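Following: one structure in structure tokens, then a few remarks.
In what follows, every chain begins at residue 1, and chains take the letters A, B, ... in the order their sequences are listed. A quick note: this is a predicted structure, and the numbers were derived from the prediction, not measured.
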There are 2 protein chains.
Amino acid sequence: MRESTGGTRERIQAVALELFTEQGYEATSLREIAERLNVTKAALYYHFKSKDEIVTSLVEDRLDRMDALIAWARTQPAGLDTRRAVLARYADTMFTGAQPSVMRFFEQNQTVLKSLAAGRDIRDRMLQLAAVLAQGDDSPAAQLRAALALFAVHSSWFAVRAPGITDAERRRLALEVADELLAAIGRAPAGDATA
Amino acid sequence: MRESTGGTRERIQAVALELFTEQGYEATSLREIAERLNVTKAALYYHFKSKDEIVTSLVEDRLDRMDALIAWARTQPAGLDTRRAVLARYADTMFTGAQPSVMRFFEQNQTVLKSLAAGRDIRDRMLQLAAVLAQGDDSPAAQLRAALALFAVHSSWFAVRAPGITDAERRRLALEVADELLAAIGRAPAGDATA
DNA sequence: GTCTATAAAGTGATAGAC
DNA sequence: GTCTATCACTTTATAGAC
């Protein structure tokens with residue numbers, strides 16, 4: 001169902017994703033996307049009925065994967081083993097196909113998370129994931145550690161500068177560092193708890 | 001030198017910072033800023049010669065503080081105590097006056113870090129700070145931990161949802177969680193190192 | 001499925017009056 | 001120090017030919 005026209009729709013998605021990430025969603029015009037593809041703006045409107053529908057189309061896959069992961073996580077018992085498994089699976093989806101590009105787009109366009117429905121959907125799933133990771137410990141420290149663990153997976157893409165490092169090594173590195181954070185969830189904090 | 005006109009310049013800065021953070025830099029027009037202040041666009045151009053000069057003016061203070069911190073850090077011996085002290089001082093500047101608002105603006109407008117000179121300056125200082133935090137350990141894991149420690153300070157502003165939590169408590173929480181990351185820098189990683 | 005042409009509105013920025 | 005008026009340009013989006 002996706003190859004009927006020679007893949008023009010997919011080429012639009014690829015170019016849009018790249019430009020949105022590099023320059024920002026608002027700063028990228030449809031004219032610019034069309035020029036890169038050597039088509040006119042009107043051709044874009046045949047494939048997508050608006051600019052933000054391009055984003056919506058980009059997000060569908062990712063949303064399904066996150067929903068599946070959240071649903072699975074909720075069937076598991078709360079505990080360190082589950083937290084580890086959830087984050088490992090999250091890292092798997094983040095290092096698969098076009099997924100990392102889509103998430104990098106959102107990292108670079110945080111305001112889109114508020115202004116577009118597709119952005120709000122992704123934001124909602126990230127919050128649910130963080131909540132599931134902190135399951136059984138509702139302290140502020142646990143919330144922070146859960147958020148940082150997720151961020152470890154994301155930031156391994158850009159925070160680590162090592163020549164010739166592979167995706168698999170980035171993934172393992174992120175999980176290794178995140179593991180210390182996950183292990184600390186559920187333990188009593190050193191000082192007096194805030195909540 | 002900043003109060004000659006009744007503070008119109010400062011009011012512009014405050015409104016611009018708020019709108020840029022909420023909606024994004026590109027998505028916020030000068031008309032919108034002017035309307036909120038009940039002045040015309042032309043009045044804005046009396047105080048700032050362009051849109052991005054508003055951002056530049058916002059950033060000056062922050063840049064000075066970061067430069068001072070980086071310079072100080074470089075006079076200190078590499079080690080855990082220094083890492084702790086650097087991050088604690090960083091947190092101090094982040095919880096002072098308008099600083100957190102300025103950094104929230106950049107978090108929400110990552111693409112500005114690439115497109116505007118002021119953004120590139122801030123980005124550069126963040127990278128220098130991360131490097132200084134990882135001093136003495138150039139492993140990929142150390143880079144990731146240093147980045148996460150800085151992010152812990154930033155994210156304590158939005159990742160932690162606790163009713164009535166104070167700034168001082170957020171600061172302490174961030175440093176507590178970050179401390180585990182800083183302590184792990186300089187230690188040999190569990191698996192084989194990538195670099 | 002892609003084109004030309006254009007509408008309708010908004011944008012950053014400037015000139016010059018007061 | 002703020003105004004009115006305007007310039008030159010870009011934007012998203014649509015109508016209709018091919």
Side-chain angles (χ1 to χ4, degrees), chain A residues 1-59 105 108-109 111-112 114-119, chain B residues 1-59 105 108-109 111-112 114-119:
Chain A
M1 72 170 68
R2 280 176 178 141
E3 308 297 333
S4 55
T5 105
T8 300
R9 185 185 155 95
E10 286 72 20
R11 289 173 63 228
I12 294 170
Q13 289 176 318
V15 168
L17 184 55
E18 186 187 335
L19 291 178
F20 288 167
T21 304
E22 261 172 39
Q23 315 176 336
Y25 173 77
E26 301 282 354
T28 302
S29 67
L30 296 177
R31 175 189 54 74
E32 210 172 349
I33 296 170
E35 272 172 13
R36 273 239 196 162
L37 292 164
N38 287 310
V39 296
T40 61
K41 276 190 299 173
L44 266 48
Y45 277 99
Y46 172 80
H47 294 280
F48 300 96
K49 75 172 205 293
S50 69
K51 188 183 180 183
D52 72 65
E53 218 222 46
I54 300 179
V55 175
T56 304
S57 79
L58 252 14
V59 131
F105 157 65
Q108 295 289 314
N109 292 274
T111 55
V112 166
K114 293 181 190 168
S115 61
L116 264 49
Chain B
M1 70 169 71
R2 283 179 176 137
E3 309 297 332
S4 56
T5 105
T8 300
R9 186 186 155 94
E10 286 72 20
R11 290 174 61 230
I12 294 170
Q13 289 177 317
V15 168
L17 184 54
E18 185 187 337
L19 291 179
F20 289 167
T21 303
E22 261 173 38
Q23 314 176 337
Y25 173 76
E26 302 282 354
T28 302
S29 67
L30 296 177
R31 175 189 53 75
E32 209 174 349
I33 296 170
E35 271 173 14
R36 272 240 196 162
L37 291 165
N38 288 310
V39 296
T40 61
K41 275 192 299 174
L44 265 48
Y45 278 98
Y46 172 81
H47 294 279
F48 300 95
K49 74 173 205 293
S50 69
K51 189 183 179 183
D52 73 64
E53 219 221 46
I54 300 178
V55 175
T56 304
S57 79
L58 251 14
V59 129
F105 158 65
Q108 296 289 313
N109 292 272
T111 56
V112 167
K114 293 181 191 170
S115 61
L116 264 49

Result block: side-chain N/O donor-acceptor pairs under 3.5 angstrom for residues 38-45 of chain B, not counting sequence neighbours:
none

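Whole-Å rounding puts the A:Lys49 NZ to D:dT14 C1' distance at 14 Å. Rounding to whole angstrom units, CZ of residue A:Phe48 and P of D:dT14 are separated by 15 Å. Note: CD (A:Glu35) to P (C:dT2) measures 17 Å, nearest angstrom. Rounding to whole angstrom units, OH of residue A:Tyr45 and P of C:dT6 are separated by 18 Å. For the pair A:Leu30 CG and C:dT2 C1', the interatomic distance rounds to 16 Å; values are reported in whole Å. Protein atom CG of A:Asp52 is 12 Å distant from nucleotide atom C1' of D:dA13, rounded to whole Å.
At a threshold of 4.5 Å between non-hydrogen side-chain atoms, the residues A:Gln13 and A:Phe48 count as touching. The closest side-chain heavy-atom distance from B:Lys51 to B:Phe20 is below 4.5 Å.
Within the structure, every side-chain polar atom (N or O) of A:Arg31 is placed at least 4.0 Å from both OP1 and OP2 of D:dT12.
In this structure A:Glu32 satisfies the salt bridge (charged side-chain N to carboxylate O under 4.0 Å, His left out) test with no other residue, sequence neighbours excluded. Every residue two or more places apart in sequence or in another chain that forms a salt bridge (charged side-chain N to carboxylate O under 4.0 Å, His left out) with B:Arg31 is listed here: B:Glu35. Residues meeting the side-chain contact (heavy atoms from CB on, under 4.5 Å) test with A:Ser115, sequence neighbours left out: none.
The shortest heavy-atom contact between A:Ala118 and A:Val59 is CB-CG1, 4.1 Å.
Checked against C:dA13, C:dT11, D:dA13, the side chain of B:Ser50 finds its nearest nucleotide in C:dA13. The side chain of B:His47 approaches D:dT2 more closely than any other nucleotide in the set D:dT2, C:dT14, D:dT10. If you check C:dG1, D:dT10, C:dA13 against the side chain of B:Lys51, the one that comes closest is C:dA13. Looking at the side chain of A:Tyr46, the nearest of the listed nucleotides C:dA13, C:dG10, C:dG1 is C:dG1. The nucleotide whose nearest atom lies closest to any side-chain atom of A:Thr8 is, among C:dG12, C:dT2, D:dT12, C:dT2.
Checked by atom type, the side-chain pair A:Gln108/B:Thr111 shows no donor-acceptor distance below 3.5 Å.
Applying a 4.0 Å cut-off to non-hydrogen atoms, none of the residues of residues 11-29 of chain B approaches DNA chain D.
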Contacts under 3.5 Å, N or O only, protein and nucleotides 3-9 of chain D:
residue: D:dC3; atom: OP2; partner: B:Thr40; partner atom: N; Å: 2.7
residue: D:dC3; atom: OP2; partner: B:Thr40; partner atom: OG1; Å: 3.0

Mind running salt bridge (Lys or Arg N to Asp or Glu O under 4.0 Å) on B:Glu18 and B:Arg36 for me, showing each step along the way? CA-CA 11 Å; B:Glu18 185 187 337; B:Arg36 272 240 196 162; 3.3 Å; yes
